**Student:** 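Below is one structure. I have some questions about it.
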Amino acid sequence: MARSPARAWTGLRALVAEDNPLVRELLDAFLTRQGAQVTAVADGDAALAACATQEFSVRLLDWMMPGRDGLATARAIRTQGGGGPQPFIIGLSAHAGAAAFAEAHTAGMDAFLAKPVDLALLAHVIGQAPGVPELPLV
């Protein structure tokens with residue numbers, strides 16, 4: 001992975017909803033190292049609860065979580081959005097065929113990445129969110 005200047009995402013608020021503790025910790029550490037404030041949760045219900053009380057620049061949702069999966073969570077986030085700016089949602093899954101990409105888009109995800117997640121690609125995708133600078137590659 002290319003290195004980037006420390007703290008490039010100061011002010012970015014990110015939600016990570018991932019049931020695998022190791023993957024959740026890896027995403028949290030990567031985003032935090034770039035300066036983001038991260039709220040990390042283990043399931044879709046906790047993600048919705050966090051979205052009801054906090055604003056996030058980006059939301060990373062694992063597809064296969066117990067209970068409410070990432071697709072159902074994305075649909076619910078879209079309906080609770082109100083009249084403000086639309087949330088930027090990135091889906092993550094080990095099952096990333098063409099049908100999965102289409103289903104993720106239909107559920108309201110702005111982007112969909114296959115696991116294991118390439119962190120440079122994740123940084124690029126996060127940089128596509130409104131108001132979020134793309135990390136410079138050095």
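Computed from a predicted model, the values in this text were never measured in an experiment.
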**Student:** Over all heavy atoms of both residues, which pair between Pro133 and Trp9 is shortest? Give the atoms and the distance, please.
**Tutor:** O-NE1, 2.7 Å
**Student:** According to the side-chain hydrogen bond (donor to acceptor under 3.5 Å, both in side chains) rule, which pairs have a member within residues 35-44, sequence neighbours left out?
**Tutor:** Arg13-Gln37, Thr39-Gln54
**Student:** Rounded to the nearest 0.5 Å, what separation is found between the CG atom of Leu60 and the CD1 atom of Ile126?
**Tutor:** 5.5 Å
**Student:** What pairs meet the side-chain hydrogen bond (donor to acceptor under 3.5 Å, both in side chains) rule with one or both residues in residues 99-114, with sequence neighbours excluded?
**Tutor:** Arg78-Asp110
**Student:** For residues 18-30, which residue pairs qualify under salt bridge (Lys or Arg N to Asp or Glu O under 4.0 Å), counting only residues two or more places apart or in two chains?
**Tutor:** Glu18-Lys115
**Student:** List the residues meeting ring-ring contact (aromatic ring centres under 6.0 Å, His included) with Phe88, not counting sequence neighbours, and say none if there are none.
**Tutor:** none
**Student:** Cluster partners of Val41, using ILVMFWY side-chain heavy atoms under 4.5 angstrom, listed by chain and number?
**Tutor:** Leu15, Phe56
**Student:** Answer with yes or no whether the hydrophobic clustering places Leu113 together with Phe30; edges join I, L, V, M, F, W, Y residues whose side-chain heavy atoms lie under 4.5 Å apart.
**Tutor:** yes
**Student:** Looking only at non-hydrogen atoms, find the nearest pair between Leu12 and Ser57 and report the distance.
**Tutor:** CD1-CB, 3.2 Å
**Student:** Check whether Leu26 and Met64 end up in the same hydrophobic cluster, where Ile, Leu, Val, Met, Phe, Trp and Tyr are linked by side-chain heavy atoms less than 4.5 Å apart.
**Tutor:** no
**Student:** Atom CG of Asp62 and atom CD1 of Ile90: how far apart are they, to the nearest 0.5 Å?
**Tutor:** 13.5 Å
**Student:** Do any pairs count as a side-chain hydrogen bond (donor to acceptor under 3.5 Å, both in side chains) and have a residue in residues 88-97, sequence neighbours left out, and if so which ones?
**Tutor:** none
**Student:** At their closest point, which heavy atom of Gln80 faces which heavy atom of Cys51, and how far apart are they?
**Tutor:** OE1-CB, 3.2 Å
**Student:** Using side-chain contact (heavy atoms from CB on, under 4.5 Å), reason through Leu121 and Leu119 one step at a time and then give a plain yes or no.
**Tutor:** CA-CA 5 Å; Leu121 178 57; Leu119 295 178; over 6 Å; no
**Student:** Within this structure, what is the CZ-CD1 distance for the pair Arg59 and Ile77, rounded to the nearest 0.5 Å?
**Tutor:** 6.0 Å
**Student:** Remaining members of Met65's ILVMFWY cluster at a side-chain heavy-atom cut-off under 4.5 Å?
**Tutor:** none
**Student:** Do Leu61 and Val16 have side chains that get closer than 4.5 Å, going by heavy atoms?
**Tutor:** no
**Student:** Do any pairs count as a side-chain hydrogen bond (donor to acceptor under 3.5 Å, both in side chains) and have a residue in residues 63-75, sequence neighbours left out, and if so which ones?
**Tutor:** Asp45-Arg68
